[in-house]
Amino acid sequence: MTSLKQPIAVTGRNGQVSHALTRLLRDQGFDVVVLARPDVDLADTAAVRRAILAARPAVVINAAAYTAVDKAEDEPEAAAAINAAGAEAVAAAAAEAGAPVIHFSTDYVFDGSKAAPYVETDPTGPLSVYGATKLEGERRVTAANPRHVILRTAWVCSPYGANFVKTMLRLAATRPELTVVDDQHGCPTFADDLADVVRQLIPKLATSNAPPEAFGVFHAANSGDTTWCGFARAIMAASQARGGPHVPVRAILTKDYPVKAKRPAFSRLSTGKLLAVHGIALRPWQPALEACLDELVGPAS
Ligand SMILES: NC(=O)c1ccc[n+]([C@@H]2O[C@H](COP(=O)([O-])OP(=O)(O)OC[C@H]3O[C@@H](n4cnc5c(N)ncnc54)[C@H](OP(=O)(O)O)[C@@H]3O)[C@@H](O)[C@H]2O)c1
């Protein structure tokens with residue numbers, strides 16, 4: 001339970017992380033103010049500022065973003081308005097309200113050319129408009145509010161919203177076979193686990209004597225890695241164990257599945273800094289997937 005006297009402000013309502021966060025924090029007794037459309041559009045920076053100042057928050061969490069990776073290639077201004085200018089407005093208003101900000105970013109800030117897990121200090125090099133706007137958001141949040149935590153995460157899934165797990169289950173119900181790319185490596189990460197990271201961070205950041213090293217960029221992803229194909233096969237196995245839809249998954253190459261935005265071939269995130277500085281570790285992605293399927297399909301028999 002919380003002893004905070006001021007609320008936690010969360011941007012976004014129906015998003016995977018927004019939804020998971022609001023649910024978990026309310027369950028834990030936090031007073032949560034949701035800043036979401038239609039009242040608060042991140043593209044309307046004046047509305048963002050007004051809403052955050054009115055909320056008088058202890059901590060502001062920016063879980064809202066323009067997340068349509070392929071569509072962003074055709075809508076760079078719309079993506080930047082939310083992921084860069086909107087994020088900046090959230091962080092600046094939090095600073096004006098005297099609150100730290102927790103902001104989410106992405107593994108897509110990297111170009112994928114590294115062969116070992118990415119650490120926070122590795123050079124960035126986004127391959128897509130989405131990745132570039134998120135990187136610009138990181139820069140602006142950093143400049144707007146010195147009391148920021150930027151959580152770079154990856155491959156987010158959950159029982160809520162649109163995501164890879166739900167897409168695979170839907171397709172498995174109607175197709176004899178799935179074909180999924182097997183040459184992109186990353187860290188499947190579950191929104192409920194990210195919400196729990198935020199829950200643990202809040203008391204550490206909401207105090208006026210948080211040390212400087214508590215702030216900055218951190219990687220936050222479930223541990224372990226796989227390819228999209230490996231992930232899809234694990235989803236099918238977990239669904240089958242619950243009597244849910246399951247079909248064979250055939251591995252294909254990225255070049256055989258053309259999409260608008262280029263993705264990094266390797267974006268495994270090292271989460272050692274989050275553990276070293278905050279003592280927070282995320283579980284492996286496999287049990288997190290099982291928990292997600294418990295909600296989506298039912299318990300395993
Ligand atoms: N999804 C991934 O695989 C992934 C991977 C790496 C990093 N991330 C990052 O993780 C964070 C959370 O992602 P997610 O998967 O939870 O996203 P999501 O499910 O796509 O949800 C996006 C959220 O942003 C809100 N939003 C979009 N445009 C908005 C606007 N103009 N004004 C106000 N709110 C707006 C949506 O609002 P409504 O509630 O109105 O729908 C929704 O709540 C984001 O920063 C994302 O960049 C995601």
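Remember, it's 1-based here, ligands and their atoms both numbered in the order they're listed.
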Q. Do the rings of Y130 and Y108 sit parallel, tilted or perpendicular, given the 30° and 60° boundaries?
A.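 Taking Y108 first and then Y130, their aromatic rings stand perpendicular (interplane angle over 60°).
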
Q) With ILVMFWY side chains joined below 4.5 Å, transitively, what does V40's cluster contain besides itself? A) V33, L35, L42, V48, I52, V60, Y66, I82, V90, V101, V141, I150, V217

Q) Which residues, ordered by chain and number, are linked to L253 in its hydrophobic cluster, where ILVMFWY side chains connect at heavy-atom gaps below 4.5 Å, directly or through other members? A) none

Q | same_hphob_cluster(F164, F190) at 4.5 Å side-chain heavy-atom cutoff | A | yes

(Q) I'd like the contact residues of ligand 1, where contact means a heavy atom below 4.0 Å. (A) G12, R13, N14, G15, Q16, V17, S18, R37, V40, D41, L42, A63, A64, A65, T67, I82, F104, S105, T106, Y130, K134, T153, A154, W155, V156

Q) Does any N or O in the side chain of K114 come within less than 3.5 Å of the main-chain N or O of P117, such that one atom is a donor and the other an acceptor? A)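 Checking the backbone N and O of P117 against the side chain of K114, a donor-acceptor pair under 3.5 Å is found.
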
Q: Could you pull out all residues at least two apart from A84 that satisfy side chain to side chain contact (heavy atoms under 4.5 Å, CB included)?
A: E136, R140

